[in-house]
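Comments concern the structure below.
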2 protein chains.
Amino acid sequence: MVIATTPDPISNTFAALADPTRRAILARLAPGEASVTELAEPFKMTLPAVSKHLKVLGRAGLIARGREAQWRPCRLQAGPLKDADEWIERYRRHWEESFDRLDSYLQELR
Amino acid sequence: MVIATTPDPISNTFAALADPTRRAILARLAPGEASVTELAEPFKMTLPAVSKHLKVLGRAGLIARGREAQWRPCRLQAGPLKDADEWIERYRRHWEESFDRLDSYLQELR
DNA sequence: GGTATATTTTACCAACTGGTTAAATAAGAG
DNA sequence: CTCTTATTTAACCAGTTGGTAAAATATACC
């Protein structure tokens with residue numbers, strides 16, 4: 001199974017977050033680690049499909065894998081999320097400003 | 001040119017951010033609006049390629065297009081970035097905690 | 001060794017992506 | 001109307017993605 005490796009970590013992070021299944025997996029891992037079968041349970045896709053999603057998350061550094069008997073538990077690694085957050089934060093001013101404009105427009109309407 | 005439309009706005013946003021060219025375009029738009037040719041200038045790709053990137057950003061709601069004579073100026077729309085930021089923020093505790101663990105480990109090493 | 005459970009790998013497929021070139025469209029200027 | 005400039009569309013291509021089914025691998029248990 002070929003998984004493309006961008007030499008650009010933040011692109012990998014955003015690409016990994018661009019899929020609802022993968023975001024749900026991260027949400028499931030927030031309270032603590034889980035096995036692949038546990039992670040797959042809520043989805044109506046096959047186990048290999050989930051395994052691929054985990055590989056994408058792993059490549060992005062968003063999860064780490066353990067080894068316990070025949071289980072390969074996953075746990076969240078939030079480091080890349082920090083980088084993504086810092087990238088987005090640079091635009092905070094913009095969405096706050098555009099809210100202000102909408103707000104004062106709504107004021108005018110009264 | 002077929003541009004896939006996910007019924008999932010935040011997936012579109014993250015997918016749009018997953019490309020370095022598109023992130024650079026957004027950065028260029030932060031100080032103010034720009035024409036397509038101006039946006040294309042720093043890249044060694046053709047104009048239609050940039051036009052496609054702008055379409056992806058438009059679909060994600062990250063830019064709006066104007067009309068001035070034969071120019072179609074782009075300006076940043078940061079709304080979707082706010083949603084992306086809010087999604088990521090839920091994990092802030094996780095990257096701060098993992099920093100704390102690294103920090104106390106480094107303390108121990110001394 | 002043989003069996004059961006958990007997970008990954010392989011091979012395959014249709015759809016999407018990111019790029020190209022060439023042609024089409026839009027608007028201003030002479 | 002013609003020419004120039006700005007931009008998009010169309011057709012195409014190679015590579016990636018997200019899924020599948022079937023086979024392979026890993027570990028525990030008897």
Side-chain angles (χ1 to χ4, degrees), chain A residues 1-26 28-29 33-60 62-75, chain B residues 1-26 28-29 33-60 62-75:
Chain A
M1 182 181 17
V2 180
I3 294 277
T5 45
T6 316
D8 175 358
I10 201 165
S11 292
N12 283 337
T13 305
F14 283 130
L17 296 180
D19 184 282
T21 303
R22 288 192 292 263
R23 289 197 307 279
I25 289 175
L26 292 181
R28 169 64 186 79
L29 291 176
E33 62 176 36
S35 74
V36 179
T37 334
E38 285 167 345
L39 289 173
E41 194 273 326
F43 306 107
K44 65 183 207 328
M45 67 184 69
T46 60
L47 226 50
V50 173
S51 192
K52 276 194 182 182
H53 283 302
L54 294 177
K55 190 161 280 195
V56 174
L57 290 168
R59 171 189 57 172
L62 286 163
I63 61 171
R65 315 291 310 262
R67 169 70 60 122
E68 268 179 54
Q70 67 269 57
W71 293 272
R72 307 287 316 278
C74 303
R75 62 178 185 285
Chain B
M1 181 179 23
V2 180
I3 292 278
T5 45
T6 315
D8 176 359
I10 200 164
S11 292
N12 283 338
T13 305
F14 282 130
L17 296 181
D19 184 283
T21 302
R22 289 192 293 262
R23 290 197 306 280
I25 288 174
L26 292 181
R28 168 63 186 80
L29 291 176
E33 61 177 36
S35 74
V36 179
T37 333
E38 284 167 347
L39 289 172
E41 194 273 326
F43 306 107
K44 66 183 208 324
M45 68 184 69
T46 60
L47 226 50
V50 173
S51 191
K52 277 192 183 185
H53 282 303
L54 294 177
K55 190 160 280 196
V56 174
L57 290 169
R59 172 188 55 173
L62 286 163
I63 60 170
R65 315 293 308 265
R67 167 71 58 123
E68 268 180 55
Q70 67 268 58
W71 293 273
R72 307 286 318 276
C74 303
R75 63 177 185 286

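By convention in this document, chain letters (A, B, ...) are assigned in the order of the sequence lines, proteins followed by strands, and residues within each chain are numbered from 1.
Between B:Lys52 and B:Met45, the closest side-chain pair of non-hydrogen atoms is not below 4.5 Å.
Ranked by how close their nearest DNA chain D nucleotide is to the 5' end, A:Glu68 and A:Arg22 are led by A:Arg22. Comparing A:Lys44 and A:Gln70 by the nucleotide of DNA chain D that holds the closest heavy atom to each, the one mapping nearer the 5' end is A:Lys44. Mapped onto DNA chain C by nearest heavy atom, A:Arg72 and A:Lys52 fall at different nucleotides, with A:Arg72 at the one closer to the 5' end.
Per the geometry, CG belonging to A:Leu47 stands 15 Å off P belonging to D:dA22, to the nearest Å. With rounding to whole Å, A:Glu38 atom CD is found 11 Å from C:dA6 atom C1'. Per the geometry, CH2 belonging to B:Trp71 stands 8 Å off P belonging to C:dA29, to the nearest Å. To the nearest angstrom, P of D:dG18 lies 13 Å from CZ of A:Phe43. Remark: C1' of C:dT17 and CZ of A:Phe14 are 18 Å apart, rounded to the nearest angstrom. A:Asp19 has its CG atom 15 Å from the C1' atom of C:dT17, to the nearest Å. Rounded to whole angstrom, the span from the CE atom of B:Met45 across to the P atom of C:dT17 amounts to 16 Å. Rounded to whole Å, atom P of D:dT20 lies 9 Å from atom NE2 of A:His53.
Side-chain nitrogen and oxygen atoms of A:Ser35 include none within less than 4.0 Å of the OP1 or OP2 phosphate oxygen of C:dA6. In this structure, B:Arg67 does not reach the D:dA6 phosphate: none of its side-chain N or O atoms is under 4.0 Å from OP1 or OP2. Regarding contacts with the backbone of D:dT8, a side-chain N or O of B:Ser51 is found under 4.0 angstrom from either OP1 or OP2.
Residues A:Arg28 and A:Ala34 approach most closely at NH2-CB, 3.6 Å, considering heavy atoms.
Of the inter-residue distances, the one linking A:Leu26 atom CG with A:Leu57 atom CG reads 5.0 Å to the nearest 0.5 angstrom.
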For residues 18-25 of chain A, run the donor-acceptor check on the side chains, cut-off 3.5 Å, and write out each pair with its distance to 0.1 Å, sequence neighbours left out.
from: A:Asp19; atom 1: OD1; to: A:Thr21; atom 2: N; distance (Å): 2.8
from: A:Asp19; atom 1: OD1; to: A:Thr21; atom 2: OG1; distance (Å): 3.4
from: A:Asp19; atom 1: OD1; to: A:Arg22; atom 2: N; distance (Å): 3.2
from: A:Arg22; atom 1: NE; to: A:Ala16; atom 2: O; distance (Å): 2.8
from: A:Arg22; atom 1: NH1; to: A:His53; atom 2: ND1; distance (Å): 3.1
from: A:Arg22; atom 1: NH2; to: A:Ala15; atom 2: O; distance (Å): 3.1
from: A:Arg23; atom 1: NH1; to: A:Leu17; atom 2: O; distance (Å): 2.8
from: A:Arg23; atom 1: NH1; to: B:Ser11; atom 2: OG; distance (Å): 3.0
from: A:Arg23; atom 1: NH2; to: B:Asp8; atom 2: OD2; distance (Å): 3.0
from: A:Arg23; atom 1: NH2; to: B:Ser11; atom 2: OG; distance (Å): 3.2

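Among the nucleotides C:dT20, D:dG19, D:dT8, the one closest to any side-chain atom of B:Ala49 is C:dT20.
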For this session: Could you walk me through whether A:Leu39 and A:Leu29 pass side chain to side chain contact (heavy atoms under 4.5 Å, CB included), step by step?
Result: CA-CA 8 Å; A:Leu39 289 173; A:Leu29 291 176; 3.9 Å; yes
